[in-house]
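To keep things clear, I will list the structure first and then write my remarks on it.
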Amino acid sequence: AKISRLTPQHPAILSEDNHYSYRELHERICFFQKYLSENNIQPGNRVCILSEINIDYITALFAIWRNGAIACPLNPSLPTSKLNALQERLQATLYLSDAREIERRSDFSTSPYLDIGRDLSERIGITDGAVSTEIADHSDALFIQTSGSASEAKTVVLSFSQLHYSALGLNEAIKLN
C-alpha cells in the first residue's frame, strides 16, 4: 500500500500481455479484499487457489492475506484424485479458480467456488478502499503442500511474520527497492 502511494504509476507486475501499475494492483487487491469480507471470509479461514499464476492469482493471494485468511495454493498440474484428497484435508471455506481449470476437471468438486478470472475482472472498478483487519504476526498465512520425504503429502504452515522476514531477506539479497 505504501509503494502504491509513493510511486503509483510505476509498474508492479509485467507480463507478456499486460502491465499493472502499483496503483492498479492496489485497487484490485482492495476490491477483492472487500469482496472476500462481504462473503464472510474471516481471519483464520482457509481459501484454496487452483489456478495458473497470473494477475488474478496474485491479486487473490494478497487479498486473502489482507483479510487474515490462510492461502492454500493448489498445484494445477496435480491429478484430480490428489486435488480431491487435498480438498478433503484442507476443508477450505472458499475455493478460487478459473472456469478453464474447473471445466478441465469434471470430477473435481469444489463448493463454494469463485471464478477469479471472470468474477474478479468483471467487478474491478469498484474500489472504495481496503477493509481494516487486525492480524497477529504469528497467525497462519500460507499452507504449502509438499510431497514429503516418503511421497506422503505433508503440509508446511508459514505465519505472517515468517513471510514478512522472508521478504525482508529477499530484499537484502536482490534489492527490490
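Numbering of residues begins at 1 and proceeds along the displayed sequence. As the structure is a prediction and not an experimental result, all values here were calculated from the model.
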On a heavy-atom basis, which atom in [X] and which in [Y] lie closest, and how many Å separate them?
X: Tyr57; Y: Asn54; value: N-OD1, 2.9 Å
X: Glu24; Y: His19; value: OE1-O, 3.9 Å
X: Pro76; Y: Ser51; value: CG-O, 3.5 Å
X: Ile64; Y: Val47; value: CD1-CG1, 3.6 Å

How far apart are the C-alpha atoms of Cys48 and Leu90, what are their side-chain angles, what is the distance that settles it, and do they pass the side chain to side chain contact (heavy atoms under 4.5 Å, CB included) test?
-> CA-CA 8 Å; Cys48 288; Leu90 291 170; 3.7 Å; yes
Going by heavy atoms in the side chains, are [X] and [Y] under 4.5 Å from each other?
X: Leu50; Y: Tyr95; result: no
X: Asn39; Y: Leu94; result: no
X: Cys30; Y: Arg66; result: yes
X: Asn75; Y: Lys82; result: no
X: Ser97; Y: Ile49; result: no

Might you work through the side chain to side chain contact (heavy atoms under 4.5 Å, CB included) test for Asp56 and Arg28, ending with a clear yes or no?
-> CA-CA 9 Å; Asp56 297 324; Arg28 291 175 70 89; 2.5 Å; yes
From CA spacing to verdict: side chain to side chain donor-acceptor pair (under 3.5 Å), Asn67, Ser37 | CA-CA 7 Å; Asn67 269 36; Ser37 293; 3.0 Å; yes
In Å and rounded to the nearest 0.5 Å, what is the CG to CZ distance from Asn84 to Arg89?
->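 The CG atom of Asn84 sits 13.5 Å away from the CZ atom of Arg89.
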Taken to the nearest 0.5 Å, the spacing of Ile58 CD1 from Ile29 CD1 works out to 9.0 Å
Classify the angle between the aromatic ring planes of Tyr35 and Phe32 as parallel (below 30°), tilted (30 to 60°) or perpendicular (above 60°).
-> parallel
Flag if over 12 foreign heavy atoms under 6.0 Å of CZ, Phe62 = no
May I ask you to check whether over 12 heavy atoms, not counting those of Gln91, lie within 6.0 Å of atom CD?
->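 Yes.
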Counting N and O atoms only, with roles assigned by atom type, does the side chain of Asn45 sit under 3.5 Å from a partner on the main chain of Gln42, one being a donor and the other an acceptor?
->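 At least one qualifying donor-acceptor pair exists.
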With a 4.0 Å cut-off, would you call Arg23 and Glu27 a salt bridge?
-> yes
